[in-house]
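Please read the structure below before turning to the comments.
Side chains included, hydrogens not; waters and symmetry mates left out as well; all remaining heavy atoms used. So you know, we letter chains A, B, ... as the sequences are listed, proteins then strands, and number each from 1. Nothing here was measured: the structure is a model prediction, and the numbers come from that model.
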There are 2 protein chains.
Amino acid sequence: MSEPVPVLLTVDLVVLSVRADDLQVLLVRRGIEPYADAWALPGGFVLDGEDLPDAAARELAEETGFDRARVHVEQLATYGAATRDPRGRVVTVAHLALVSDPGEPRGGSDAAEAAWVPVREVPGRELAFDHERILADGIERARAKLEYSALGAALLGSPFTVAELRRVYEIVWGESLDPRNFHRKVTGVAGFLEPTGETRTERGRPAALFTAGPAGVLHPPITRQR
Amino acid sequence: MSEPVPVLLTVDLVVLSVRADDLQVLLVRRGIEPYADAWALPGGFVLDGEDLPDAAARELAEETGFDRARVHVEQLATYGAATRDPRGRVVTVAHLALVSDPGEPRGGSDAAEAAWVPVREVPGRELAFDHERILADGIERARAKLEYSALGAALLGSPFTVAELRRVYEIVWGESLDPRNFHRKVTGVAGFLEPTGETRTERGRPAALFTAGPAGVLHPPITRQR
DNA sequence: CGAATAGTGTCTATTAGACATTATTTT
DNA sequence: AAAATAATGTCTAATAGACACTATTCG
């Protein structure tokens, strides 16, 4: 029987937000080796005694100032190829975070710089480690979960209008949706949206305001084009 | 800035199979501390230089004799609570494995005994570590993925009949499905099932044989009852 | 009033679910 | 022939998608 090998454990975050009518991801420019000056997903080492959700929430707070109550964070997947980090055996538990209306990011401890980048501009940049793959997995998870979950609300401030929610779907999926059918769909599923009774007027008829309902799931789902 | 903390990394496996008209999970009785003599999910330490999929495949082969080509294995989730293992910081990357028609299990290196157990009998047993939670997550993943993926075929030998596939769905979901509607559904989605042209006769009219098709996904999905 | 946006209604094609019927084998 | 299982067909209710229409605001 072989001996167990100790590894270093990190959490990395795919932090997505809808900003400037675009799906954007939070990237940091690394301040230290390896991959110094390269763009990377925010993240860092799991600390002594710290659970994985705690580590993810802490890193998110350091990079964005968001506290976990206002953000949706879920575990994405774990990446552990022996050669993924030149420092040695470093395994990362990637998380997906969806935030609403973030201000400008602030640089964290080992991040010289942080920036929101439209996801379709990322393929041009070389990300550190296997972060390009992790980002792709995170985006696909977000797209897939919009179909059957109330995840879209996590990308919006609360309360929100049906039109704002629809815009989130359109931006994340990159396809346009019929406003009338979308409205009928999301308001028709019991418990998915909670009407606040309030309205907000921008231009035209005032829009009813909603918060995410208790259902959490959208059944039957909204389907994207295949 | 705090120091990274080294952890030991394991892979654990939720190995599911349909045996004796029942959804069963492979459990091992632990031969060593901690939790000696307790039932647990099969698994073990990730070895030096070993990637996560390799470690999962190796552990699976040790416990069942299955090589990875014949089995569906996918990463499930990672569990890293600081107190989950009394030995210290041990983080496990759980995997879901679906196998067809396994023979009797053989005990592995640190497993004194191995057994297939119907999943509905598991709540009676006390599983080691947080394995009860991991098992629950694995079962739910399998149930959910049957809806939209060709995962059911992984629980069957190849080729198989539509009736055999339907039985898998019924057993995993614990609900009965209309044979005629199920047949129409799975044979109607292009690329989901590949007819072999062969038939197999048990009792009654010979059944056409199929293999899993190239599509991999079932769109639109089959939905379970909610 | 006209423009703009929100929200409802209506029609049609597709799909799901219930269930009848036909087809092909074994005994 | 009878029993058993496979496979197809038919009907109906529900849903998705296209699109007309009404509602409520601002300028």
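D:dT5 atom P lies 17 Å from atom CZ of B:F182, rounded to whole Å. Rounded to whole angstrom, the span from the CG atom of B:L177 across to the C1' atom of C:dA16 amounts to 12 Å. The CG-P distance, from A:D178 to C:dC11, rounds to 17 Å in whole Å. Taking atom CZ of residue A:R205 and atom P of nucleotide D:dG27, one finds them 18 Å apart after rounding to whole Å. Per the geometry, CZ belonging to A:R184 stands 14 Å off P belonging to D:dC19, to the nearest Å. The CD1 atom of B:I222 sits 10 Å away from the P atom of C:dG17 (whole-angstrom rounding). Whole-Å rounding puts the B:E164 CD to D:dA6 P distance at 9 Å. Separating the CG atom of A:N181 from the P atom of C:dT14 is a distance of 16 Å, rounded to the nearest angstrom.
An OP1 or OP2 oxygen of D:dC26 is reached within less than 4.0 angstrom by no side-chain nitrogen or oxygen of A:R203. B:K185 has no side-chain polar atom (N or O) that falls below the 4.0 Å cut-off from OP1 or OP2 of C:dT15. A sub-4.0 Å separation between OP1 or OP2 of C:dT8 and a side-chain N or O of A:H183 is present.
Looking only at distances, a side-chain donor or acceptor of A:Q75 sits under 3.5 Å from a matching main-chain atom of B:T78. Of the possible donor and acceptor atoms, none in the side chain of B:S17 sits under 3.5 Å from a partner among the backbone N and O of B:R19. Proximity of a side-chain donor or acceptor of A:E121 to a complementary backbone N or O of A:P118 within less than 3.5 Å is not detected. Put simply, the side chain of B:R70 never gets that close to the backbone of B:V99: no donor and acceptor are under 3.5 Å apart.
Considering only side-chain atoms of B:A207, the nucleotide from D:dT25, C:dT25, D:dA6 that sits closest is D:dA6. Taking every side-chain heavy atom of A:P220 into account, D:dT15 is the closest of D:dA7, C:dT24, D:dT15. Relative to the side chain of B:R180, the nucleotides D:dG9, D:dA6, D:dA4 differ in distance, and D:dG9 lies closest.
The pair A:D137-A:R133 counts as a salt bridge, with a side-chain nitrogen and a carboxylate oxygen less than 4.0 angstrom apart.
Rounded to 10°, the angle separating the first-five-pair axis and the last-five-pair axis of the helix from C:dC1-D:dG27 to C:dT27-D:dA1 equals 10°.
Among the candidates B:V25, B:D12, B:V117, the single residue satisfying the side-chain contact (heavy atoms from CB on, under 4.5 Å) test with B:L135 is B:V25.
Inter-residue side-chain proximity for A:Y169 and A:V186 is flagged as unmet; no heavy-atom pair is nearer than 4.5 Å.
Positionally, the nearest nucleotide of DNA chain D for B:L209 lies more toward the 5' end than for the other of B:L209 and A:P221.
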